[in-house]
Amino acid sequence: MWVTGEVIERIDWNEKLFSLKIKAPVEPYIAGQFIKLSQIRDEKRIARAYSVVNPPGSDYIEILAVAVENGQLSPDLQSLNPGDTIEVTPKATGFMTLDEIPHGALQGKHLWLISTGTAVGPFISMLLTDEPWQRFEKVVLVYGVRLASDLAYLESIKQLQAKYSQQFHFIPIVTRESYEDALMCRIPDAINNGLLQQKASLTINAEDSQVMICGNPGMISDAQTALLELGLTKNLRRAPGQITVEKYW
Ligand SMILES: Cc1cc2nc3c(=O)[nH]c(=O)nc-3n(C[C@H](O)[C@H](O)[C@H](O)COP(=O)(O)OP(=O)(O)OC[C@H]3O[C@@H](n4cnc5c(N)ncnc54)[C@H](O)[C@@H]3O)c2cc1C
Ligand SMILES: NC(=O)c1ccc[n+]([C@@H]2O[C@H](COP(=O)([O-])OP(=O)(O)OC[C@H]3O[C@@H](n4cnc5c(N)ncnc54)[C@H](OP(=O)(O)O)[C@@H]3O)[C@@H](O)[C@H]2O)c1
């Protein structure tokens with residue numbers, strides 16, 4: 001089922017990376033979930049998933065997307081302007097949410113949110129709710145991109161750093177150029193060589209850590225292997241663990 005949404009704003013972070021704010025009658029959702037956007041082309045429906053960036057409770061949805069070269073839908077999304085319409089699923093879905101993380105003794109003290117590229121979006125949504133701050137002693141956001149100009153939402157992240165200065169660590173990673181104090185190393189390597197843990201001044205272990213990983217599937221596979229080696233296990237409903245993932249492709 002589809003409803004019509006109206007674009008109310010487009011933010012251009014760089015020539016390929018953009019956000020859209022879309023006013024649409026979407027049902028209440030949980031931070032971390034995604035909706036689908038769709039267009040009919042040559043009588044064929046093209047639909048793709050996009051995580052919601054803004055926290056629950058707004059009367060619009062915001063998504064962060066990259067125009068993939070020769071992609072079927074994303075380049076067209078990038079050309080949408082305020083007033084244009086796009087079809088949206090009215091119900092968000094997805095299990096990379098904090099309520100899927102074990103509560104109580106199995107929860108751990110430290111929440112690691114690990115992302116590449118546009119996958120920082122669902123974590124921004126979570127961080128703009130009270131839940132991570134109430135449930136965890138420390139929250140670490142790892143955000144890996146190719147170039148510094150690919151870092152979106154830095155202003156929101158800075159505000160979170162100011163608000164939760166004792167609780168929040170932000171670790172930007174820029175892999176293709178040197179940028180301020182960002183790490184210049186792929187995420188799985190930064191786990192394996194201990195740089196990530198060193199930057200956060202925290203260890204990653206099964207007792208203390210919950211890790212959510214989102215984005216590039218190659219990064220997710222390799223990061224998961226690194227975390228399994230540290231003794232963490234996949235978080236499943238039938239067997240609670242510490243690693244929760246969402247692959248974007
Ligand atoms: C659960 C879920 C949530 C998602 N949330 C987002 C989101 O918030 N923002 C977003 O931009 N995309 C997101 N995606 C990916 C999105 O659904 C589309 O696949 C993407 O926009 C490309 O669609 P396309 O039709 O333009 O490209 P297609 O013609 O379908 O080409 C797909 C190819 O594009 C590349 N690709 C796809 N997504 C990305 C990406 N995000 N970054 C870099 N390369 C990519 C991959 O090589 C992939 O094989 C999500 C996917 C899933 C499964
Ligand atoms: N033409 C352009 O100017 C341009 C610019 C940006 C994006 N794009 C489009 O956007 C897409 C890519 O988007 P993106 O840069 O957001 O995503 P991405 O390719 O997933 O890169 C994001 C981050 O993930 C890292 N990464 C990639 N594969 C990995 C793996 N297997 N293991 C660990 N880390 C990995 C990258 O490191 P590395 O740097 O080491 O790969 C980078 O730091 C492309 O398909 C392209 O279409 C185009």
Side-chain angles (χ1 to χ4, degrees), residues 1-13 17-38 47-65 77 80-103 107 111-115 117-141 143 151-170 210 212-215 235 244 246 248:
M1 194 179 81
W2 298 93
V3 293
T4 301
E6 183 188 334
V7 174
I8 52 175
E9 188 181 343
R10 191 186 73 220
I11 302 164
D12 294 306
W13 303 101
L17 187 67
F18 62 99
S19 293
L20 290 177
K21 293 185 186 176
I22 302 167
K23 201 160 171 77
V26 172
E27 293 172 25
Y29 58 88
I30 305 170
Q33 289 190 314
F34 61 89
I35 46 89
K36 283 189 177 181
L37 297 180
S38 164
R48 297 285 186 270
Y50 296 92
S51 301
V52 183
V53 179
N54 54 329
S58 332
D59 66 347
Y60 66 92
I61 48 162
E62 180 166 344
I63 61 121
L64 169 67
L77 295 180
L80 292 174
N81 288 302
D84 289 342
T85 59
I86 180 81
E87 291 195 67
V88 185
T89 46
K91 202 169 160 38
T93 173
F95 300 104
M96 198 192 59
T97 57
L98 286 171
D99 55 1
E100 294 292 327
I101 301 293
H103 286 72
Q107 174 178 291
L111 176 65
W112 293 76
L113 304 173
I114 297 181
S115 59
T118 54
V120 75
F123 296 146
I124 299 285
S125 181
M126 285 178 204
L127 292 170
L128 291 173
T129 70
D130 293 335
E131 188 171 355
W133 313 106
Q134 288 171 350
R135 284 182 61 187
F136 294 92
E137 281 176 26
K138 299 278 183 194
V139 178
V140 185
L141 175 66
Y143 180 10
L151 289 167
Y153 294 101
L154 284 185
E155 205 43 55
S156 307
I157 294 169
K158 275 191 193 136
Q159 285 170 14
L160 289 165
Q161 283 178 301
K163 186 170 177 186
Y164 301 105
S165 57
Q166 301 303 308
Q167 222 180 335
F168 186 41
H169 292 283
F170 172 49
Q210 276 295 334
M212 301 178 103
I213 321 175
C214 190
N235 179 36
T244 305
E246 184 169 81
Y248 268 11

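Of the inter-residue distances, the one linking D12 atom CG with L20 atom CG reads 9.0 Å to the nearest 0.5 angstrom. Here the CZ atom belonging to R135 is positioned 7.0 Å from the CD1 atom belonging to I101, to the nearest 0.5 angstrom. Considering CG of L64 and CD1 of I124, their distance stands at 8.5 Å, rounded to 0.5 Å. Between the NZ atom of K91 and the CD atom of E27 there is a distance of 5.0 Å, given to the nearest 0.5 Å. Annotation: the span from I114 atom CD1 to T244 atom OG1 amounts to 11.5 Å, rounded to 0.5 Å. Here the OG-CD1 distance, from S51 to I61, works out to 11.0 Å after rounding to the nearest 0.5 Å.
The side-chain heavy atoms of L141 and V139, taken from C-beta on, include no pair separated by under 4.5 Å. In this structure, the side chains of V120 and L151 stay at 4.5 Å or more apart for every pair of heavy atoms. Side-chain contact between L128 and L160 is present, with heavy atoms from C-beta onward closer than 4.5 Å. Residues S125 and Q33 are not in side-chain contact: their nearest non-hydrogen atoms beyond the backbone lie 4.5 Å or more apart. Considering only heavy atoms from C-beta on, I11 comes within 4.5 Å of E62 through its side chain. Put simply, the side chain of E246 reaches to within 4.5 Å of the side chain of F34, judged on heavy atoms. Between F170 and K158, every side-chain heavy-atom pair lies at or beyond the 4.5 Å cut-off.
Here K138 pairs with nothing under the side-chain hydrogen bond (donor to acceptor under 3.5 Å, both in side chains) rule; sequence neighbours left out.
Closest approach of M126 and L98 over heavy atoms only: SD-CG, 4.0 Å. The shortest non-hydrogen separation linking S58 to P55 is OG-O, 3.3 Å. A pairwise comparison of heavy atoms in T85 and L80 identifies O-CD2, 4.3 Å as the closest pair. Heavy atoms only, all atoms of each residue included: G117 and Y143 are closest at O-CE1, 3.4 Å. When all heavy atoms are compared, the tightest approach of S38 to I86 is O-CD1, 3.4 Å. Considering all non-hydrogen atoms of both residues, L127 and W133 come closest at O-NE1, 2.9 Å.
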Evaluate the side-chain contact (heavy atoms from CB on, under 4.5 Å) criterion for residues Y29 and N54: first the C-alpha distance (whole Å), next the side-chain angles of each, then the deciding distance (0.1 Å), finally the verdict. CA-CA 11 Å; Y29 58 88; N54 54 329; 3.6 Å; yes
Self-check item: Verdict with supporting geometry, V53 and Y153, side-chain contact (heavy atoms from CB on, under 4.5 Å)
Solution: CA-CA 10 Å; V53 179; Y153 294 101; 3.7 Å; yes
Quick one, M212 with L111, criterion side-chain contact (heavy atoms from CB on, under 4.5 Å). Give me CA distance, side-chain angles, the key distance, then yes/no. CA-CA 8 Å; M212 301 178 103; L111 176 65; 4.2 Å; yes
Practice prompt. Determine, stepwise, if the pair K36 / W2 fulfils side-chain contact (heavy atoms from CB on, under 4.5 Å).
Written response: CA-CA 9 Å; K36 283 189 177 181; W2 298 93; 3.9 Å; yes
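In summary, the side chains of Y50 and T118 do not present any donor paired with an acceptor at a separation below 3.5 Å, with no hydrogens or angles considered.
For residues 92-102, the side chain to side chain donor-acceptor pair (under 3.5 Å) pairs, not counting sequence neighbours, are T97-D99, E100-R237.
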